[in-house]
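Note sheet for the following structure.
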Amino acid sequence: MKINTPLKVTALISLVTALILVACLYFVSVFNNIEITLGIYFLIFFIFLSFSAITTYILLEFFINRKIRLLFRMVQDYKVSNSDFKLSMSEDVLSTSEVRILQLAKRSSEELLKLKSEEKFRREFIGNLAHELKTPIFSIQGYILTLLEGGLEDPSVNRKFLDRSLKGVDRMNKIVMDLDMISRFESDRVNMKFGDYNLVELCQEIFDGLELKAQEKNISLKFAENYLNPIIVKCDRDKIGQVIQNLVVNAINYSDAGSEIIIRFLDIESNILIEVEDNGLGINQKHISRLFERFYRVDKSRARNEGGTGLGLSIVKHIVESHGHTVQVRSTEGEGSIFFFTLTKN
Ligand code: ADP
């Protein structure tokens, strides 16, 4: 029989103690020629047994339920009360405690890993932010210094340099606005205005707004087919407009002249799948998993030249997720990309 519960330990200790005491009594009585009947021996044995059982039980109970609880109190992050920690005396206490301690240890090491990765993420984020702001700040500083050193009186450069400074300020403003939006999403401070809206009309408006930008690169913006009927989805119109705008702007920025950008709607049960396809540069698979992170860029110099903040896809992800859906990408380097997400159909 395995002695693995406090109750079994109590029984064993009291039995052994009672037997030893009765044996001692026997020797003392034989030595002193005192006659004790078998009945008295049994009575004394049971008295010893009960006394020893009660004291052992109380002591073990005290040590297990008080002392082990104290240990748990030190490692547990919530308040340990008498009621939520009561090990049963007939249970294998040590194994149960071992399992609970191992669970706590596993949770602590997981939390440590999470903290480490958050710390790395925070360091990277601050580094990226400093890097992003450095370029416009240096250029504004340069233009203002040139203006102060005489450029202000030179009509051939004064307006030009002021215009360029303004561009730098606009860029910083865009970075700050985008970050503000992301931080509001991350802290659940965004007011969503859901309604039923026609996606075909919304995308047509976005195409109209980006027509000039696309024409400059001889890129055509198209629907996959002639959507004659409205496609109604439940969404926040402005926010989904921003998602589609960001995806189409990226498609224009990362495609070469003469390419095509196509928007496609597919009816999938209770959802509409929206695809934005380009036959531009495409993205190598190794970048895909990090693409929606803040400031992540594939080709850093090209991305900055196109005027992006590196935050567009992160915003896209937050907006789509706040609609209860996800955004994904399929891409082949050199052939093009398809960014797609779903929305709930009306
Ligand atoms: P950015 O402001 O740099 O465009 P985004 O968050 O919008 O930032 O995009 C992150 C990166 O993903 C871009 O820098 C670019 O390298 C890559 N990317 C985004 N869209 C496309 C696309 N349609 N084709 C190829 N690469 C893309």
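Reckoned from all heavy atoms, side chains included, excluding hydrogens, waters and symmetry mates. When a ligand or atom number is given, it counts from 1 through the structure's own listing order.
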key: Cluster link Tyr143 to Ile140, ILVMFWY, side chain under 4.5 Å   =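 Different clusters: Tyr143 never reaches Ile140 through Ile, Leu, Val, Met, Phe, Trp or Tyr contacts under 4.5 Å.
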Charged N-O contact under 4.0 Å between Lys345 and Glu269
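No salt bridge links Lys345 with Glu269.
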Answer with yes or no whether [X] contacts ligand 1, where contact means a heavy atom under 4.0 Å from a ligand atom.
| X | answer |
| --- | --- |
| Phe292 | no |
| Thr309 | yes |
| Ile283 | yes |

Pick one of side chain, backbone, both or neither for how Leu313 approaches ligand 1, counting any non-hydrogen atom pair under 4.0 Å.
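For Leu313, the contact with ligand 1 is made by both the backbone and the side chain.
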Just heavy atoms, cut-off under 4.0 Å: does Asp278 contact ligand 1 by side chain, backbone, both, or neither?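 Asp278 to ligand 1: side-chain contact only, backbone stays beyond 4.0 Å.
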Considering only heavy atoms of [X], which atoms of ligand 1 have at least one such atom less than 4.0 Å away?
| X | answer |
| --- | --- |
| Leu291 | 12 (O) |
| Gly312 | 5 (P), 6 (O), 7 (O) |
| Tyr296 | 10 (C), 11 (C) |
| Ser337 | 24 (N) |
| Gly310 | 1 (P), 2 (O), 3 (O), 6 (O), 8 (O) |

Kindly assign one of parallel, tilted or perpendicular to the pair His323 and Phe194, based on the angle between their ring planes and the thresholds 30° and 60°.
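Aromatic pair His323/Phe194 classed perpendicular.
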N/O to N/O below 3.5 Å, does that happen between Gly282 and ligand 1?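 Between Gly282 and ligand 1, no N or O pair is found under 3.5 Å apart.
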Next on the checklist: Per the salt bridge (charged side-chain N to carboxylate O under 4.0 Å, His left out) rule, what does the pair list look like for residues 146-164, sequence neighbours excluded?
Outcome noted: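 Passing the test, one end in residues 146-164: no pairs.
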Exercise for review: Can you establish whether the number of heavy atoms outside Glu119 located under 6.0 Å from its atom CD is more than 12?
Suggested key: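 Counting other residues, nucleotides and ligands, CD of Glu119 exceeds 12 neighbours.
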| query | Does CE belonging to Met192 count more than 12 external heavy atoms closer than 6.0 Å? | reply |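 More than 12 within 6.0 Å, yes.
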| Closest non-hydrogen atom pair between Gly258 and Ile219, with its separation |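 Gly258 and Ile219 have their closest heavy atoms at N-CG1, 4.4 Å.
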Original post:
With clusters built from Ile, Leu, Val, Met, Phe, Trp and Tyr whose side-chain heavy atoms come within less than 4.5 Å, directly or transitively, what are the remaining members of the cluster of Leu273, listed by chain and number?
Top reply: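 Other cluster members: Leu266, Ile268, Ile338, Phe340.
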